[in-house]
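Below is one structure, written out as structure tokens, with a few remarks after it.
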Amino acid sequence: MALTEERPPLELAAGDEPVRNPLGAFTRPSSSYGWRSWLTTVDHKKIGILYGATAMVFFALGGLEALLIRAQLAQPNGQVLDPQVYNQMFTMHGTTMVFLVIMPMLAAFSNYLIPLMIGARDVAFPRLNALSYWVFLFGGLFLYSSFFLGGAPDGGWFNYAPLSGVAYSPGHGIDFWTLGLQITGIASLLGAVNLITTCLNMRAPGMTLLRMPVFVWMALVAQFLLLFAIPVITVALFLLMFDRLFGANFFNVEAGADPLLWQHLFWIFGHPEVYILVLPAFGIVSDVIPTFARKPLFGYPFMVFSGIAIGFMGWGVWAHHMFASGIGPVSVAAFSLSTMFIAVPTGVKIFNWIGTLWKGKLIFTTAMLFAVALVSQFTIGGLSGVMHSVAPHDTQQTDTYFIVAHFHYVLFGGSMFGIFAGIYYWWPKIFGHKLSERIGKAHFWMMFVGFNLTFGPMHIVGLQGMPRRTATYPEGMGWDLMNLLETIGSFLIAISFLMWVYNVAVSRKNPHAGADPWDGRTLEWATSSPPPAHNFDVEPTVEHLDDWWHRKYGEDEQGRPVRRERFTYLSRVDEASRLAGGDEPDVDVSAIHLPSPSYWPIVLAIGLPLIAYGLIFTYWLAALGGVIIIAGAFGLGLEPSVDPDAGHGDHGDHGPDEGHDQELAEVGAASGGDDDEEAS
Amino acid sequence: MSATTVTRRRHRRRLLPRPWFLAVASLVLLAGCASDAPQDMLQPEGSFARTLDNLFNPIFWVAVLVFVVVEGLIVYAIVKWRYRGDADDGVADAGEMPAQLHGNTRLEIGWTILPALVLAGVAVFTVPVVFELNAEPAKGEALEVDVTGAQFWWGYEYPSQPDFGITDGIVTANELHIPAGQRVYLTLRSVDVIHSFWAPKLNGKRDVVPGRVHNWLLEADEPGVYSGQCAEFCGVSHANMRLKVVAHDATSWDAWVEDMQEEPVEPVSGLAAEGFELFQQRGCSGCHVVEGAYDEVAEDAPAAPDLTHLFSRDCFAGCIYDLNDRNELEAWLRDPQRKAGSKMVVGQLTEADIDALYAYLETLE
């Protein structure tokens, strides 16, 4: 690739003894299976799985927090949680779901799918990719360790100054929040640089930008948003950290600060963040719906450009979170207008999805159910969003449950339903077998009913004047029935999540699904399930949008698709897939080179939470963390990305269930190449 | 959902919960709207709240229309073009392909422009209201009240305004008294963190931000008591920072103003006089002002409600306790931390102390 061809890192001169232990610390890992391979992997697919699994664990934790919140609010004057704990719960629920569930879940899909969808062997910087996962994981664990170290943060996910200052929040909870989010922000930035470079530089021949699947496009827009939004929140967090730990006065009103500074910084990040959370989910359903409607996406260019338009306009609407803050009527009017008009490109997407459904042959698999539910539920969230944009009336709506309803319809009814659509859709690609459709549909309906029962009534109590972030409410406000229904709904959601967990557990024994179980349209279905470590035995040359579809289908005189008698997969596939008409490429894969596993990403990453603990408790720990980071950075930088000692064919198969594709275990990815190196 | 064989019937049944669910949901919605909610923003009882509601109503119904059209199209598409065969055999075996439509530029430009036009219409009605509600009333046209937000209660000061019968200034807390049918111009300040003043039936909310001075308008059509509360998360007892707006007719407004401008009589004998002494001995007067008796508070005292006319009010401590119930105030004196995060600190009071203090406070009408 262009970035790396000029300078292969640390090429050993011929005849030199290979350096086994570059810094004398570790023996270079080489295994591609077993638990250790997961700690040292630089394979984008394994890292994607790690991201996804971690995010789902955090989803369970964030859900547990939500259940406690709902238990407390089930009745007026609830006694389940005391207000301190309640405030910790809603703070951690919001922070978890945004930073530790939806963002990493979308990182999981982006990591796993982007290289496969654009016909690449890996992301641009595989070792950086591993680093970003470990940094994210340790950031999340650090944040959660606050529960055992004096109490979790309790200032809300928006954490407004000056309540977040030491004077009003003397505990360490908010320090954990400030430092933890800086750490996960590093992970997001590393991921953004990596995936943007991947999309722009690693595409297969012929994969022009306007042939990229819509998921790749939406993920790319989201990564650009991350690249520019994360620095803003990092600045805000950094200032708050200096206020809290070193006595600075950025948000100290007595010293002349204006608390609105925090709100502006937070929401300049916070609103693009909303699109970071939802655009990739839009991308997922834009790939799922055409597959199960058996026709191409309606208006691909409109879908792509409306996504880009949302990405741009998303920077001009932040102050609609502040219509009651006292920012003055001119600002309010301007942001009211910009907020209204961001609904236009969003509406285009809704109509184009409906256009895709129109006159299709709609096959309602679980993935399709979740995808169509996203379209339907996001419409509700979008319409309530337009209501908020009516700034004068937003002074009534803001900070009530009407807002809570709105953003859960966007982020749960939208993003999470999209994520579940993606999970059911790509599960057979990732693990080789489908999740049970029978349990999946039960899961869908339970979640659909639970979701709407939880968040639908919130519109009503919100309009009836119930404010958010209140630990309790008195009798006689007219909110009792709706709150009870919401609590019942939240427990239905919990049951539906358990159904999904059960589905994952029992589906392990499902038969192998084949390379292309859904008759998919994009390149990831052209390789085996799970794909080999090198993704494709032959590098695809792309000629169409939905290239894989065109490899399988020709057209008759009326332009109707006709399945070709024979077509060729891009990798060696299982027998059933071959019997269904797919030929295998006849190539020697031993010349395909991939980077070797490494311990250094995890070593480097562990230094960051040590510094953070050090800043809170004792600087000695921070010094230790600093030493580890410097050592890790040198280790990562000096280590050849390809182990000169690694033999050919002894590593490289992917995945947790090698059993499905025994023949593929032979296809090792070998070492020593320049194809996917980092430009170190 | 335990069927083991895939049949047409089962597929059909799976899609049924949608209309069923929508029906139940709309029933619940109707039930919700019909109930009596004292903070219902859809039932305005003052001119400003009504302006907001008049803006919101047509937009709400436009949104409902869009909702019905969009969801209708989705449901129509699902019912009409749902594949009724057995998809579990494999998607590729679902038979004949539908027409491969790639898009329709004219249609797509249409559904880009049409929502933009609808939104432009919404904008035309929205923007003037933004400015209207930020207009400052002319001097003397509106009753002026200085509002102070503090963790976790509200303080009110009425500067001298002869137009409204106030010649001496009035200080009170939690219950905001206003004349019905008159504009009220609030000046909002915070002594600690951000709060937000909100009485939904009278107007939207405005944040109360430390270091800044904000203004907000209120008006109540009729005499009555209007519920409200702090709407910006302000700490551990945010939920307990409630307020009441009491709107008076002309006669009772005059009476209230007159009462509030009289200094309470210092008790000279009995339990109340004991309480009067205790009020200082136990440190109450370090933070709480009683005009004419305890005018100076300690220099570093946290903000605390003025108690000069405590028993003219119905509620206390952020309007979460009923002042007419003697037990509530006694429990508060025993342990102000019954409200989490309360800044009030008292030493151990004996039951005799509490009785005496109560007797004194009761005289502060």
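Lettering follows sequence order; numbering is per chain, from 1.
Heavy atoms closer than 4.5 Å to chain B are found in the side chain of A:Arg560, but not in its backbone. Contacts of A:Tyr160 with chain B are made by side-chain atoms alone, with heavy-atom separations under 4.5 Å and no backbone atom involved. Neither the backbone nor the side chain of B:Phe48 comes within contact range of chain A; no heavy atoms are under 4.5 Å apart. There is no contact between B:Ile320 and chain A, counting heavy-atom distances below 4.5 Å. Proximity to chain A is absent for every atom of B:Ser190, based on heavy atoms less than 4.5 angstrom apart. With a 4.5 Å cut-off on non-hydrogen atoms, A:Gln263 touches chain B through its side chain but not through its backbone. Residue B:Leu133 touches chain A through its side chain alone, counting heavy-atom pairs closer than 4.5 Å. The parts of A:Leu357 that come within reach of chain B are both its backbone and its side chain, each placing non-hydrogen atoms under 4.5 angstrom from that chain. With a threshold of 4.5 angstrom between heavy atoms, B:Ile194 approaches chain A through its backbone and through its side chain. Of the two parts of A:Val348, the backbone and the side chain both hold a non-hydrogen atom closer than 4.5 Å to a non-hydrogen atom of chain B. Proximity to chain B (any heavy atom under 4.5 Å) is shown, for A:Val461, by neither the backbone nor the side chain. Residue A:Ile354 touches chain B through its side chain alone, counting heavy-atom pairs closer than 4.5 Å. Looking at A:Ala513, neither its backbone nor its side chain comes within 4.5 Å of chain B, counting heavy atoms on both sides. Contact of A:Ile350 with chain B is made through the side chain alone, with heavy-atom distances under 4.5 Å. Residue A:Thr472 touches chain B through both its backbone and its side chain, counting heavy-atom pairs closer than 4.5 Å. If you measure heavy-atom distances from B:Asn215 to chain A, you find no contacts under 4.5 Å at all. With a threshold of 4.5 angstrom between heavy atoms, A:Ser164 does not approach chain B through any atom at all. With a 4.5 angstrom heavy-atom cutoff, B:Trp111 touches chain A via backbone and side-chain atoms both. Neither the backbone nor the side chain of A:Trp262 comes within contact range of chain B; no heavy atoms are under 4.5 Å apart. For B:Val129, the parts lying under 4.5 angstrom from a heavy atom of chain A are both the backbone and the side chain. Only the side chain of A:Phe292 comes within contact range of chain B, with at least one heavy atom under 4.5 Å from a heavy atom of that chain. Looking at A:Arg563, the atoms closer than 4.5 Å to chain B (heavy atoms on both sides) all sit in the side chain, from C-beta outward. Contact of B:Val127 with chain A is made through the side chain alone, with heavy-atom distances under 4.5 Å. Contact annotation for B:Arg206: both backbone and side-chain heavy atoms come within less than 4.5 Å of a heavy atom of chain A.
Note: A:Pro561 leads A:Pro561, A:Ala580, A:Gly520, A:Pro259 in heavy-atom pairs under 4.5 Å with chain B. Of all the listed residues (A:Thr356, A:Thr379, A:Asp394, A:Val386), the one sharing the greatest number of non-hydrogen pairs under 4.5 Å with chain B is A:Thr379. Options A:Gly347, A:Ser325, A:Pro83 differ in how many heavy-atom pairs under 4.5 Å they form with chain B, and the most are formed by A:Ser325. The residue among B:Ser227, B:Gly228, B:Pro200, B:Ala340 with the most heavy atom pairs within less than 4.5 Å of chain A is B:Pro200. Of all the listed residues (B:Val209, B:Leu55, B:Leu101), the one sharing the greatest number of non-hydrogen pairs under 4.5 Å with chain A is B:Leu101. For the options A:Pro467, A:Ala343, A:Gly326, A:Ala333, heavy-atom pairs under 4.5 Å to chain B are most numerous at A:Gly326. Of the listed residues B:Ala120, B:Cys234, B:Gly103, the one with more heavy-atom pairs under 4.5 angstrom with chain A than any other is B:Gly103. Listed options B:Gly211, B:Ala77, B:Pro210 were ranked by heavy-atom pairs under 4.5 angstrom with chain A; first place goes to B:Pro210. With chain A as the partner, the residue from B:Val66, B:Leu73, B:Val236 showing the most heavy-atom pairs under 4.5 Å is B:Val236. Contact count against chain B (heavy-atom pairs under 4.5 Å) is highest for A:Leu260 among A:Leu545, A:Asp82, A:Leu260, A:Thr291. When each of A:Lys552, A:Lys359, A:Met368, A:Gln84 is scored by its heavy-atom pairs under 4.5 Å with chain B, the top score falls to A:Lys359.
Proximity of B:Phe60 to A:Leu383: side-chain heavy atoms (C-beta onward) are nowhere separated by under 4.5 Å.
For B:Phe125, the CZ atom counts as loosely surrounded, since its 6.0 Å shell holds 12 or fewer non-hydrogen atoms of other residues, nucleotides or ligands.
Note: B:Lys205 NZ to B:Trp216 CH2 = 9.5 Å, rounded to the nearest 0.5 Å.
At least one cation-pi condition fails for B:Lys80 and A:Trp358: the charged atom is not both under 6.0 angstrom from the six-membered ring centre and inside a 45 degree cone around its axis. Relative to the six-membered ring of B:Tyr321, B:Arg338 meets both conditions, a distance below 6.0 Å and an angle of at most 45° to the axis.
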From CA spacing to verdict: side-chain hydrogen bond (donor to acceptor under 3.5 Å, both in side chains), A:Asp154, A:Thr91:
CA-CA 5 Å; A:Asp154 57 0; A:Thr91 301; 5.9 Å; no
Output, in order, the C-alpha distance, side-chain angles, deciding distance and verdict of side-chain hydrogen bond (donor to acceptor under 3.5 Å, both in side chains) for B:Gln39 and B:Trp198.
CA-CA 9 Å; B:Gln39 289 183 188; B:Trp198 189 36; over 6 Å; no
B:Met241 and B:His195: CA distance, side-chain angles, deciding distance, side chain to side chain contact (heavy atoms under 4.5 Å, CB included) verdict:
CA-CA 9 Å; B:Met241 187 168 166; B:His195 305 280; 3.2 Å; yes
Side chain to side chain contact (heavy atoms under 4.5 Å, CB included) for A:Met322 and A:Phe335? Distances and angles first, verdict last.
CA-CA 10 Å; A:Met322 301 163 63; A:Phe335 281 95; over 6 Å; no
B:Asp53/B:Gln43 under side-chain hydrogen bond (donor to acceptor under 3.5 Å, both in side chains): CA gap, chis, key distance, verdict
CA-CA 8 Å; B:Asp53 196 52; B:Gln43 293 173 2; over 6 Å; no
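Partners of A:Asp546 according to the salt bridge (charged side-chain N to carboxylate O under 4.0 Å, His left out) rule, which considers only residues two or more places apart in sequence or in another chain, are A:Arg521.
With hydrogens and angles disregarded, a donor-acceptor distance shorter than 3.5 Å links the side chain of A:Ser384 to the backbone of A:Ile380. A donor-acceptor distance shorter than 3.5 angstrom exists from the side chain of B:Asn134 to the backbone of B:Val130, with no hydrogens or angles considered.
Residue pairs that meet the side-chain hydrogen bond (donor to acceptor under 3.5 Å, both in side chains) test with at least one member in residues 96-108 of chain B, sequence neighbours left out, are A:Asn352-B:Glu108.
Annotation: B:Phe233 is in aromatic contact with A:Phe90 [ring centroid separation under 6.0 Å].
Counting all heavy atoms, side chain and backbone alike, B:Gly235 lies closest to A:Asn87 at O-ND2, 3.6 Å.
Ion pairing of B:Glu232 with A:Arg469 is present here, as a side-chain N (NZ or NE/NH1/NH2) and a carboxylate O approach within less than 4.0 Å. A salt bridge links A:Asp258 with B:Arg212: at least one charged nitrogen is closer than 4.0 Å to a carboxylate oxygen.
Of the two cysteines examined, B:Cys315 and B:Cys319, the SG atoms meet the criterion of being under 2.5 Å apart.
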